[in-house]
Amino acid sequence: MCGIIGIVGTTEVAASLYDGLAMLQHRGQDAAGIATADGGKIRVHKGNGLVKDVFDAGAMRLLGGRVGIGHCRYPTAGSEGSDEAQPFYVNSPYGIALAHNGNLVNTEALRREVFEQDRRNVNTESDSEVLLNVFAHELQRQSALTPEAVFKAVEGVNRRAKGGFAVVTLVLGLGLVAFRDPHGIRPLVLGKRDTPAGTEYAVASESVALDVLGFARVGDVKPGQCVVVTARGELHAQMCAPPQPSAPCIFEYVYFARPDSMIEEISVHKARMRMGVTLAQKILRERPDHDIDTIIPIPDTSRDAALEIANTLGVKYREGFIKNRYVGRTFIMPGQGERVKSVRRKLNAIPLEFRNRVVLLVDDSIVRGTTSQQIVQMAREAGARKVYFASAAPPVRYPNVYGIDMPSATELVAHGRTEKEIEKLLGCDWLIYQDLADLEAAVAGPKFPGRKFDSSCFSGQYVTGIEPGYFERLTQLRSDEAKKKRRVAG
C-alpha cells in the first residue's frame, strides 16, 4: 500500500506536496519522493525513510514548479532498496514521471512485452516502473501531446495492465495525468481549490490530504477514468476502459485509510462504527449471556468499532493500551522479527483496566496472528481474568494481490485453520470474527445497499482473475523468508 498525490497550482507546489504526503504517511513509511515540472525539466528528489527525513530545506528549494506529484511507499513485492523509491522517470517521450499505488498481477508478462516489443528497459523489480514504460510507450504511439492523446494512451494501458492501480503522472509540456484501474480497486480522490490567481486541482489517495491543503473534495476518480489537468489549470476527464464490476478494496475501510477520509462517498469513520454494531450483534447472537466486563480497543484503527460494540452491548469501554507514537505500524514492517519486537515497544498495558476483569480486546483484523498473540499475553500479564478477542474483519485466509502486503498464504494465521484452532494459537479464551456479509453491509451502509467490494483476502475471489503459477511467484517475492534473503544478499 502506498500514498500518492498530484497538484496543479498557480504557485509552486512542492511545499503542498510535502504536506499532503505527511498526511498520507500512514500508507507507507519505507520511502518518499516528489517530482515537479520546472520549466523544461523534471526535478526529482526521493529516498528511503519518512517524509520528514527524506526532504530537507535544500531538497525543497530544488523542487521548483507549479505542477508536481508525490509518493510515500511501503514494499509489497520486489526488493526493498532505495532504487524502488518513487516517482520513477523516463525521458522519452517528452519526459514523464509516475507514482503508483497498487499492484499488477501480470507484471512478468508486461516486463517481457516492454523489453521485446516496446524496446524499453526496466531497471528495477518494481511493477510501477513497468507501468511507467507501458504508459510512455502508449503515449509515444500518439501523434500529438494533447488530453485526447493521453486518453488513448491510458486506454492502451488498461488493455495491457491487469491488477489494482491508482496512478499520478507528470508529463512535460502537458501537466498532470491521473487514472484508476477499471475495477477501481485502489482509491483516488479529486479536489479543487479556487484562488485569486485561478483554479487549482489536486488528486490524492485519500481525501484527508486534500482537506489539510484546503482543496474541496470534488469526488472520486471513477474506475477506468483518466483525468488530465493541463499546466494552465484546464480539467479534462474521460472513461478509458469498458465498464467493469466496481470493486473498491474493503481493507481500506478495515485498516489502511484514516478515519477522517472519505472513499467512494463512504466515511471511513462511519464504516468502522457500523462494523462495531454488526459485530456486537453477532456477539449477542452467540453469547446472549456473555460475561464481558470491559471492551478494550487495540489502538488505533479499532477504536470506532470497539466503542460501538461497547454501546451496543451496554458494557464499559476503556483504553487499556497506551501506544508509543514513535513506532511505525507493525503490519507494514519488513520482517517478522522486527514486527515481534515492535509490538512490545509500541504498546503498554494499563493494569488497572485489566485486573480481575473479563476483557474483550477488539482489533481491526488478524493477519499473521503474532501481534494478536502477544497482545493477548500482555492482557493476561496485566491481570485479566479472561481474555476474549474480537476481529472487526473476517478471517484473512488468502493473499491480497492488489497492493497490500498480505504475505504468502502459509504465513496467514487463518489459512487452513478453523476459528477454534486460531483461538487456541492466539491463547485467548474466546475468539470471534466478523462475518463477511456483515462487513460488506457495514461498509456499504444505508446509502449503498448491496455494494460490492474487493474482499479477496477473505473470500479468495479475485475480480481480475489470476493466472496459473502467480501465487507461487508471489510467495517467492513476499514471504518473510524471501525478503530476508534479499536483504542479506543486498
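Just so you know, residue 1 is the first one in the sequence shown, and it goes up from there. The figures here come from the full heavy-atom set of this structure, side chains too, leaving out hydrogens, waters and symmetry mates.
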Charged N-O contact under 4.0 Å between Arg66 and Glu200: no
Main chain of Val51, side chain of Gln25: is a donor-acceptor contact present, judged purely on distance under 3.5 Å? yes
Is it true that a side-chain atom of Asp30 and a backbone atom of Arg73 form a donor plus acceptor pair closer than 3.5 Å? no
May I ask you to decide whether Arg274 forms a salt bridge with Glu308, counting only side-chain N to carboxylate O separations under 4.0 Å? no
With a 4.5 Å heavy-atom cut-off, do Leu63 and His45 have their side chains touching? yes
Atom CZ of residue position Arg111 - does it have more than 12 heavy atoms of other residues, nucleotides or ligands inside 6.0 Å? yes
Is the closest side-chain donor-acceptor distance between Gln140 and Ser92 under 3.5 Å? yes
Smallest heavy-atom separation, Ala149 atom then Ala144 atom, equals CB-O, 3.1 Å
Compare every heavy atom of Val396 with every heavy atom of Phe458, then report the nearest pair and how far apart it is. CE2-CG2, 3.6 Å
Is there a side-chain contact between Tyr94 and Leu139 in this structure, where contact means two heavy atoms from C-beta onward sitting under 4.5 Å apart? yes
Do Lys222 and Arg180 have side chains that approach each other closer than 4.5 Å (heavy atoms only, starting at C-beta)? no
Nearest 0.5 Å, please: how far is CD1 in Ile296 from CD1 in Ile309? 12.5 Å
As an exercise, state the distance from CD of Gln225 to CG of Leu188, rounded to the nearest 0.5 Å. 9.5 Å
Closest heavy-atom pair and its distance - Ala209, Met23: CA-CB, 4.1 Å
Would you give the length of the straight line joining atom CG of Asn324 to atom CZ of Arg345, rounded to the nearest 0.5 angstrom? 9.0 Å
Begin with the C-alpha distance, continue with both residues' side-chain angles, and end with the deciding distance and a verdict on side-chain hydrogen bond (donor to acceptor under 3.5 Å, both in side chains) for Thr301 and Asp364. CA-CA 6 Å; Thr301 45; Asp364 52 77; 2.5 Å; yes
Closest non-hydrogen atom pair between Asp127 and Gly102, with its separation: OD2-O, 4.1 Å
Criterion side chain to side chain contact (heavy atoms under 4.5 Å, CB included) on Arg193 and Leu213, from CA distance to verdict: CA-CA 9 Å; Arg193 181 172 69 184; Leu213 298 174; 4.2 Å; yes
Rounded distance (nearest 0.5 Å) linking atom CG of Asp300 with atom CZ of Arg258: 10.5 Å
Kindly say whether Ala414 contributes a backbone atom to a donor-acceptor pair with the side chain of Arg397 at under 3.5 angstrom? yes
Whether Asn400 side chain and Cys457 backbone form a donor-acceptor pair below 3.5 Å: no
Val189 versus Val203: any side-chain heavy-atom pair under 4.5 Å? no
Inter-residue atom distance Phe453.CZ - Leu439.CG, 0.5 Å rounding: 8.5 Å
Residues Leu62, Arg43; criterion side chain to side chain contact (heavy atoms under 4.5 Å, CB included); working and verdict: CA-CA 7 Å; Leu62 292 175; Arg43 309 286 188 184; 5.7 Å; no
Step-by-step side chain to side chain contact (heavy atoms under 4.5 Å, CB included) determination, Leu347 to Ile298: CA-CA 9 Å; Leu347 296 176; Ile298 312 302; 4.1 Å; yes
Would you please test Lys452 and Glu440 for salt bridge (Lys or Arg N to Asp or Glu O under 4.0 Å) and show each step? CA-CA 7 Å; Lys452 299 300 181 184; Glu440 292 184 333; 5.0 Å; no
Using the six-membered ring of Phe88, assess whether NZ or CZ of Lys46 lies under 6.0 Å from its centre and within 45 degrees of the ring axis. yes
Could you tell me whether the side chain of His71 and the main chain of His100 form a donor-acceptor pair under 3.5 Å? yes
Tell me, yes or no, whether the heavy-atom count around Gln461 atom CD, taken from other residues, nucleotides or ligands under 6.0 Å, exceeds 12. no
Indicate yes or no: does Arg217 engage Glu265 in a salt bridge with an N to O separation below 4.0 Å. yes
State whether Asp181 and Arg186 are salt-bridged, where the test is any N-O pair (Lys NZ or Arg NE/NH1/NH2 against Asp/Glu carboxylate O) under 4.0 Å. no
Cut-off 3.5 Å, side chains only: do Ser391 and Asp363 have a donor facing an acceptor? no
Is a side-chain N or O of Tyr470 found less than 3.5 angstrom from the main chain of Asn106, in a donor-acceptor match? no
Minimum heavy-atom separation for Phe135 and Ala153, please, with both atom names. CE1-CB, 4.2 Å
Could you check whether any side-chain N or O of Ser261 sits under 3.5 Å from a backbone N or O of Ala257, counting only pairs where one atom can act as donor and the other as acceptor? no
Would you say the side chain of Thr107 lies within less than 4.5 Å of the side chain of Leu104, judging by non-hydrogen atoms? yes
Rounded distance [0.5 Å steps], CZ in Arg27 versus OG in Ser205: 4.5 Å
For Asp38 and Thr36, does a side-chain donor sit closer than 3.5 Å to a side-chain acceptor? no
Check whether any side-chain N or O of Gln86 sits under 3.5 Å from a backbone N or O of Gly33 as a donor-acceptor pair, and report yes or no. no
I'd like to know if the side chain of Asp56 and the backbone of Gly58 have a donor-acceptor N/O pair within less than 3.5 Å. yes
Do the non-hydrogen side-chain atoms of Val362 and Ile295 ever get within less than 4.5 Å of each other? yes
Quick one: are Phe321 and Ile375 in side-chain contact, heavy atoms under 4.5 Å? yes
Could you go through Ile7 and Leu176, starting from their C-alpha distance and side-chain angles, then the distance that decides it, and tell me whether this counts as side chain to side chain contact (heavy atoms under 4.5 Å, CB included)? CA-CA 7 Å; Ile7 300 176; Leu176 176 71; over 6 Å; no
Between Ser456 (side chain only) and Gly460 (backbone N and O only), is there a donor and an acceptor less than 3.5 Å apart? no
Sort out for me which residue in Ile69, Asn101, Val221, Val227 forms a side chain to side chain contact (heavy atoms under 4.5 Å, CB included) with Val168. Ile69
Could you check whether any side-chain heavy atom of Val177 comes within less than 4.5 Å of a side-chain heavy atom of Cys226, counting everything from C-beta outward? yes
